[in-house]
2 protein chains.
Amino acid sequence: MPGDAIRAALIRRLRISSAIADEDIKEIEALPISVREYPAETAVVRDGERATNCCLIADGFCARSKTIASGKRQILSLHIPGEIPDLMSLFLHVMDHDLSTLTAATLGFISHETLQKLHRRRPVVAEMFWRDTLIDAAMFREWIVNVGQRPAPARLAHVMIELRERLRIIGRVDGTSFEMPLTQEQVGEALGITAVHANRVIRQLREEGIVELHRGRVTVLDERKFLELADFDGRYLHQSPTL
Amino acid sequence: MPGDAIRAALIRRLRISSAIADEDIKEIEALPISVREYPAETAVVRDGERATNCCLIADGFCARSKTIASGKRQILSLHIPGEIPDLMSLFLHVMDHDLSTLTAATLGFISHETLQKLHRRRPVVAEMFWRDTLIDAAMFREWIVNVGQRPAPARLAHVMIELRERLRIIGRVDGTSFEMPLTQEQVGEALGITAVHANRVIRQLREEGIVELHRGRVTVLDERKFLELADFDGRYLHQSPTL
DNA sequence: CCCCGGTTCCAACAAAAGTTAAGGACGCCT
DNA sequence: AGGCGTCCTTAACTTTTGTTGGAACCGGGG
């Protein structure tokens, strides 16, 4: 049954930021999930749509974004397996942004109704999910700082390290390299710069022997320089449930 | 009793985004709140601190911000009376940013413990507060877009209009003008530009007869041009509880 | 196998924003 | 009234980023 692996990924991730009781795990494991495959570069939910489900990433990468009147697009966050990128739609039914796949992905859908019922039955689970949406917001805050205050090379390094720290938790970092399946166009949209400038910045970091980004994969060349450039403090990820 | 006016402001605001039952209003009115006065430009909670209370703005303006290693500061949001800017601390106990006053302010503090108990008693109230934190996140998303994709003059106009729409709800817009008590330094920190450039942009909008910002007060000179420049779509404020 | 479309890469030029430096306005305190 | 400090204002100059246009690369489909 494919749903099982999905549920396991979710539970593993929730454990990182909250402490869960066994009965609650059972409840989550019993959640009805309908699975669906998506090709790369496809909209899952669109800005303005009314959502009735939340979507759990079983496999693949997703991104959230907003497009303004001038046609420019801003990527707001990247999402990896085990995450529920549109949990917010549970109470904000009309989407205020897009959710789309970056790579081919398999997604599990859980209806809002099911989740609401679970929350009434198990307030602790509700709090866990609430906390998850709060971490989501914390990541947005850091993203604002990144786009607003850091020079472009540091912005790129920071996004890379954030992604790496999250991938590490699900065992998806392979030595000095990990996946970041964005085109340079999309890197630009994430950093608030043009694709041309994204290319310049990527090249600069390569030439300085700090980090390489090639075909959707990041390879760190000099960890010390990389960390120093990124100015990364992972506290905002709130990965410790004890605090 | 000073607490009453505070509670009333909170309830009025919650009503905008959620439908509330009478019993729930009674519960909120019964919440123990300890009131405290703050001078302008003072930290309320600091990045890294452990919070045990949430803070309700009774009067005055506040802002949330983060400071990076290089010393640069990014303002993340502005807050007005009736709001609870650090509701997120309820489940993210260690602050990942600063909350400080912009003007002299009177703040009401509600302990996390009290709120948790209320949530267990009244899950609907918990959902209301949850929804509030989700709207907070929606505002962060729009802030990312603003800083990442809009040219500086549009950024300024957008922040102004967002603030105006929120002030309007609490009856704080006076014809074509409203309060925005930021120094030009702070305007720069909000928009992700330097104070010098903030000055340039403010002057430009004044010279073009669009909007005037003087001594912490915005006066709109040409509403049509102002709206057009800002590219504002208020959907992200999620002000309709019916949707 | 080659062609095609989307990336990646690059250079030259234009525009936006940052830096530095300095004078002016204004409120506040004595 | 005078002095002081903060904010605002402006100019000249530098750096970063955007724009335009084009060449090279690469993978998939005919």
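Just so it is clear: chains get the letters A, B, ... in the order the sequence lines come, proteins before strands, and each one is counted from 1. Below, all heavy atoms of this structure are taken into account, side chains as well, without hydrogens, waters or symmetry copies. These figures come from a predicted structure and were not determined experimentally.
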Counting side-chain heavy atoms from C-beta on, which of C:dT8, C:dA17, D:dC7 comes nearest to B:Thr183? D:dC7

Selection from D:dG18, C:dG18, C:dC10 that lies nearest to any side-chain heavy atom of B:His197: C:dG18

Closest to the B:Ile193 side chain, choosing from C:dC10, D:dG18, C:dG18: C:dG18

Let me know the distance between CD of A:Gln149 and P of D:dT17, rounded to the nearest Å. 13 Å

Under 4.0 Å between any heavy atoms, over every strand shown, what does B:Ala195 touch: base, sugar-phosphate, or nothing? Just pick one. nothing

For A:His158 and A:Asp231, which I'm curious about, is there any donor-acceptor pair between the side chains at under 3.5 Å? no

Roughly, in whole Å, what's the span from CD in B:Gln204 to C1' in C:dA16? 11 Å

May I have the distance from A:Leu213 (atom CG) to C:dT8 (atom P), rounded to whole angstrom? 8 Å

From the candidates D:dT9, D:dC26, C:dA17, the one with an atom nearest any side-chain atom of A:Arg215 is D:dC26

What is the distance, rounded to the nearest whole Å, between atom CZ of B:Arg155 and atom C1' of D:dT17? 12 Å

Looking only at N and O atoms, is any donor in the side chain of A:Arg200 or the base of D:dG18 less than 3.5 Å from an acceptor on the other one? yes

Quick one: do the A:Thr67 and A:Arg73 side chains pair a donor with an acceptor below 3.5 Å? no

Atom CD1 of A:Ile202 and atom P of C:dC10 are separated, to the nearest Å, by 11 Å

Provide, to the nearest angstrom, the distance between the CD atom belonging to B:Glu41 and the C1' atom belonging to D:dC7. 12 Å

If you find the nucleotide of DNA chain C closest to A:Gly216 and the one closest to B:Thr194, which residue's nucleotide is nearer the 5' end? A:Gly216

Whole-Å distance separating the CZ atom of A:Arg206 from the C1' atom of C:dC10: 11 Å

Given C:dT8, C:dA11, C:dT19, which nucleotide is nearest the side-chain atoms of A:Gln184? C:dT8

Can a side chain N or O of B:Asn199 be found less than 4.0 Å away from OP1 or OP2 on D:dC8? no

So, A:Glu165 side chain and A:Glu162 main chain: donor-acceptor pair closer than 3.5 Å or not? no

Applying a 4.0 Å non-hydrogen cut-off, can you work out what B:Gly192 is touching in the nucleic acid: base, sugar-phosphate, or nothing? sugar-phosphate

May I ask you to decide if B:Pro85's main-chain N or O and B:Arg64's side chain share a donor-acceptor pair within less than 3.5 Å? yes

Can you identify which nucleotide, out of D:dT19, C:dT19, D:dG27, has its nearest atom closest to the B:Val196 side chain? C:dT19

Is there a donor in the side chain of A:Gln74 and an acceptor in the side chain of B:Glu142, or the other way round, less than 3.5 Å apart? no

Atom-pair distance (NZ on B:Lys72; C1' on C:dG18), nearest Å: 8 Å

